[in-house]
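A short worksheet on the structure shown next.
Excluded from the calculations below are hydrogen atoms, water molecules and symmetry mates; all remaining heavy atoms, backbone and side chain alike, are included.
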Amino acid sequence: MCFLSFVSTLYSFNCSRNSLGRGNIKRQSYLFNVHCSAETQRMSKAIPFFPKPERLDESMPGYAGFDPLGFSDKFDVKFLQEAEIKHCRICMLAALGWVFPEFWHLPSEVFSNTSPLAALGQVPKFGLIQILLLVVALEAISLDKLEFHPEKEPGDFGFDPLGLGKGKSKKWMQTAEIKNGRLAMIAMGAFFHQNLLTNQGVIEQLKSHNFIPTTFPLH
């Protein structure tokens, strides 16, 4: 009888110890998950092995936590936003202007060259001066906004003739603009190097199946 009591007590002790062991495992697993979650929140969304930029607000349009060179720690974040949006808009217009002359151009031999970099040398000097003056005017407007109207959102010049940036769709449209602009900046880099290597427009190169360019440098 005493032996049976001893076995029963030993079995109960082992069960209790196993239950405590399982409890400790669950607790350790929970703490590990909490630690991993906290670590994940401190890491960049775009580059998981880089720390999240501290000065970038996650509510910003187009936020991806991407700042591997730490520009946001060295410069004013609002100025950086303004610069990015400006370059986004320029490159979206440039990408369209780069390809469009291959489909239609002004009725003059001056505008007939479909190789954008080569065509630059054909533009009359007066035309280049006009472009330069337009750029100076736009930069003056941008500088005025930065210096005297800092309360305005980056990229906001009050230009929205179609009313696309009003109401609940505003954040979505801002994000779409930045994402398309970033894609356009990459595209312009590709277009530029493609033209250097082929001396052809983008569509012209595709039509001629010139996928192994050998005409570098420009001729």
Side-chain angles (χ1 to χ4, degrees), residues 33-104 116 131 134-195 201-203 206:
N33 289 333
V34 169
H35 175 73
C36 289
S37 176
E39 284 295 321
T40 301
Q41 291 177 2
R42 287 197 292 266
M43 303 308 285
S44 167
K45 181 180 178 181
I47 314 175
F49 49 86
F50 267 56
K52 182 172 69 174
E54 295 182 1
R55 295 182 61 196
L56 294 184
D57 185 357
E58 293 188 24
S59 64
M60 291 163 46
Y63 173 84
F66 182 82
D67 186 18
L69 299 180
F71 285 127
S72 60
D73 295 326
K74 301 177 180 67
F75 303 99
D76 178 46
V77 173
K78 204 165 185 179
F79 173 82
L80 294 175
Q81 282 183 281
E82 196 82 46
E84 181 183 34
I85 293 171
K86 182 189 296 183
H87 284 83
C88 283
R89 290 168 177 171
I90 290 171
C91 286
M92 284 190 283
L93 289 171
L96 176 63
W98 195 279
V99 177
F100 189 76
E102 296 193 57
F103 298 98
W104 184 87
I131 295 171
L134 176 62
V135 170
V136 170
L138 293 175
E139 284 297 318
I141 294 171
S142 178
L143 183 62
D144 176 76
K145 176 181 177 295
L146 283 171
E147 293 295 328
F148 302 106
H149 303 283
E151 73 283 356
K152 287 189 176 182
E153 287 186 276
D156 180 15
F157 290 92
F159 181 78
D160 186 14
L162 300 179
L164 299 176
K166 295 180 180 179
K168 295 181 180 179
S169 65
K170 181 177 180 179
K171 178 69 177 293
W172 188 91
M173 294 299 294
Q174 288 176 322
T175 302
E177 179 184 36
I178 290 176
K179 286 186 175 181
N180 282 280
R182 289 169 179 168
L183 181 62
M185 286 190 281
I186 295 171
M188 282 308 302
F191 285 177
F192 186 88
H193 287 86
Q194 172 269 343
N195 194 233
V202 177
I203 307 302
L206 292 174

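Shown here for Phe191 and Trp98, the closest heavy-atom pair between the two residues is O-CZ2, 3.6 Å. Pro116 approaches Asn195 most closely through the heavy-atom pair CD-ND2, 3.6 Å. Between Ser59 and Asp57, the shortest heavy-atom contact is OG-OD2, 2.8 Å. Shortest non-hydrogen contact noted between Cys91 and Met185 is SG-CG, 3.5 Å. Across every non-hydrogen atom of Lys74 and Arg55, the tightest pair is N-NH1, 4.3 Å.
Here the CZ atom belonging to Phe66 is positioned 8.5 Å from the CZ atom belonging to Phe50, to the nearest 0.5 angstrom. Summarising the geometry, atom CD belonging to Glu84 is positioned 12.0 Å from atom CZ belonging to Phe71; distances are rounded to the nearest 0.5 Å. Summarising the geometry, atom CG belonging to Asp160 is positioned 8.0 Å from atom CE belonging to Met173; distances are rounded to the nearest 0.5 Å. The CD atom of Glu177 sits 11.0 Å away from the CZ atom of Arg182 when rounded to the nearest 0.5 Å. Separating the CD1 atom in Ile141 from the CD atom in Glu139 is a distance of 10.0 Å, to the nearest 0.5 Å. Once rounded to the nearest 0.5 Å, the distance linking CG of Asn180 with OG1 of Thr175 reads 11.0 Å.
Under the 4.5 Å side-chain criterion, counting only non-hydrogen atoms from C-beta, Ser142 is in contact with Phe157. Between Glu153 and Gln81, every side-chain heavy-atom pair lies at or beyond the 4.5 Å cut-off. By the 4.5 Å heavy-atom criterion applied to side chains, Gln174 and Met60 are not counted as neighbours.
Contacts of Lys152 classified as salt bridge (charged side-chain N to carboxylate O under 4.0 Å, His left out), with partners at least two apart in sequence or in another chain: none.
At least one donor-acceptor pair closer than 3.5 Å links the side chain of Asp67 to the backbone N or O of Ser72.
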